[in-house]
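Note that ligands are numbered from 1 as they come in the structure, with each ligand's atoms numbered from 1 the same way. The model shown is predicted, which means the values in this text are computed figures rather than measured ones.
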Amino acid sequence: MLKLIPQVKEINIDNSKFMRVNHIALAENLLSDNAVKDFLDFCRLPAGETNIFFEEESSFDEEEYSIFISDKITVKSSSVSGQIHALQTLKQIIFQCKGHIPFLQIHDKPKYKIRGFMLDAGRYFYSVSDVKKIIRRMALHKLNFFHFHLTEDQGWRVETEKYPLLTEKGSKRSRTNFDHKPHSGYYTKNDIKEIVRYAHDFGIKVMPEFDIPGHSRAAIACYKELSCFERDLPVADHWGVKHDVLCVGKDSTFEFVYNVIDELCEMFPDEYIHIGGDEVVKHRWNLCPHCTAKRKELGIEDSDGLQFWFMNRVKEYCEAKGKKVFMWSWELENDNSIDADLGFTKCAEMNTGDRPFIDTSTDAYYIDLPYGKVSLKNTADHKPLSGNCLGVEATLWTEYVPDLKKGDRMSFPRVGAMSETGWSGSCSYADFEKKLRFYYSYLDENNIGYSNIGTANPNALKGALEVLWFERRQLAWEGLHNIFDDKKIEKLAKNINR
Ligand code: ACM
Ligand code: ZN
């Protein structure tokens with residue numbers, strides 16, 4: 001029985017007739033050189049007489065395709081996206097059938113418009129070559145949306161012309177609290193161009209994330225006037241939520257934000273941008289003369305309201321540049337002051353009204369979390385959150401994922417299960433488990449690492465120990481540090497306001 005991940009919509013197999021495939025030659029097509037190379041490198045078959053043909057089927061949706069296998073292989077689609085997905089399906093068929101393929105017909109298209117993968121390149125920098133590998137891993141799973149988390153407390157990862165310090169200084173930290181070594185790295189504008197082009201070659205759109213007004217310590221380390229109290233602070237070298245965030249009471253902060261967005265929009269031509277909005281501690285805003293004055297001027301009741309005002313304003317700026325805007329869903333339940341069309345990357349079931357969202361549920365798709373917290377079963381059995389769901393996204397946060405080797409072990413097999421939900425609309429662990437042996441052998445064939453089943457579905461004791469080990473790192477020192485640091489700021493603010 002042919003196994004396919006993600007499951008195709010319709011398949012008919014005639015097991016009485018077979019096509020022998022001992023060479024591969026593609027007829028004229030719309031595919032990029034990189035997509036063709038990926039296919040041919042995988043098949044490792046000699047060239048010969050044309051045996052894969054492409055036809056236009058204008059009634060098909062953008063990502064829809066069909067495959068007919070008889071004495072030749074015919075792919076029908078309305079666009080290059082359909083051809084890209086068809087090749088990925090063919091790779092799995094050729095791999096399993098070992099050159100002896102039953103006559104078959106497949107008709108396939110995705111349930112969800114967005115099937116995403118987020119890389120946090122802020123906590124750890126991933127080389128262009130690794131990012132390209134991630135893009136190929138995405139294409140393999142028919143994912144089409146690369147969410148590129150580029151700015152963090154622990155590092156600024158993208159070149160800008162207007163603010164050279166962001167990369168000169170902001171891309172470096174003195175040590176990590178994982179391996180205690182200095183860490184640095186950033187993408188030049190040319191690197192970004194190369195990454196975006198490569199993603200497009202595989203039918204993948206790229207959404208940059210500029211995480212504001214929190215998670216901005218790297219930027220503040222370079223330009224302290226961006227913060228409320230303008231202290232000299234280093235690029236963060238510890239994980240945890242930082243209390244020094246962008247000051248939203250100063251017009252100059254907006255000037256900075258808009259200038260960065262201008263450059264991001266030039267680098268990232270796809271229609272999406274993410275503006276963060278997560279984990280914004282309001283301690284400084286409540287004491288800052290600029291922020292409190294702005295809040296009074298606007299008649300906004302509290303600092304949560306001030307954040308929504310900030311997010312809406314930045315969103316409108318991005319929209320005027322033709323972008324669809326996303327932010328993280330945290331803390332925003334039921335809040336009507338957030339614009340109705342602002343999209344969320346949504347981390348849990350909560351009331352986000354009719355607003356569009358991408359399901360990034362922490363208990364299913366936070367693939368940086370230990371398997372003891374988010375098992376393969378959890379991921380596979382997850383049902384997309386209710387409401388206006390555009391799709392699903394796996395998020396690879398990297399506090400504890402310093403390289404792609406660990407990234408692969410965290411991503412797979414969970415991303416395989418998520419791709420089932422995103423593409424076919426549903427997944428169950430019972431069904432996915434039946435395909436696991438095939439999936440692992442297919443990952444092996446593609447030189448992709450993964451966690452084996454004992455790791456991916458740990459027993460209760462192993463899972464609990466894993467979670468303890470993981471949580472211990474979040475404890476003590478960051479919390480204590482914040483308490484003392486908050487006291488310092490409170491004193492400072494009293495002096496300023498006196
Ligand atoms: C998040 O988990 N910081 C969005
Ligand atoms: Zn302020």
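- Looking only at side-chain heavy atoms (C-beta outward), Phe117 and Val415 come within less than 4.5 Å of each other.
- Atom 2 (O) of ligand 1 has Tyr366 OH, 2.6 Å as its closest protein atom, hydrogens excluded (heavy atom only).
- The angle Cys228:SG - the Zn ion (ligand 2) - Cys291:SG amounts to 110°, with values rounded to 10 degrees.
- Taking atom 3 (N) of ligand 1 as the reference point, the nearest protein heavy-atom neighbour is Asp278 OD2, 2.7 Å.
- For Lys294 and Glu297, the salt-bridge test passes: some basic side-chain N is under 4.0 Å from an acidic carboxylate O.
- Note on ring orientation: taking the six-membered ring where Trp is involved, the planes of Phe125 and Tyr187 are tilted (angle from 30° to 60°).
- Backbone and side-chain nitrogen or oxygen atoms of Trp328 are examined, and none is located within less than 3.5 angstrom of a nitrogen or oxygen of ligand 1.
- Vertex the Zn ion (ligand 2); arms to Cys288 SG and Cys247 SG; angle rounded to 10 degrees, 110°.
- A salt bridge is defined here as a Lys NZ or Arg NE, NH1 or NH2 lying under 4.0 Å from an Asp or Glu carboxylate O, and Glu263 with Lys189 meets this definition.
- The distance from ligand 1 to the heavy atoms of Glu279 drops below 4.0 Å at these ligand atoms: 3 (N).
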Hey, mind stepping through Leu166 and Phe256 against side chain to side chain contact (heavy atoms under 4.5 Å, CB included) and telling me if it holds?
CA-CA 12 Å; Leu166 289 174; Phe256 169 81; 4.0 Å; yes
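- Remark: ligand 1 and His215 share no N or O pair separated by less than 3.5 Å (distance only, no angle test).
- In the model, Asp444 has a side-chain atom that pairs as donor or acceptor with a side-chain atom of Tyr450 under 3.5 Å.
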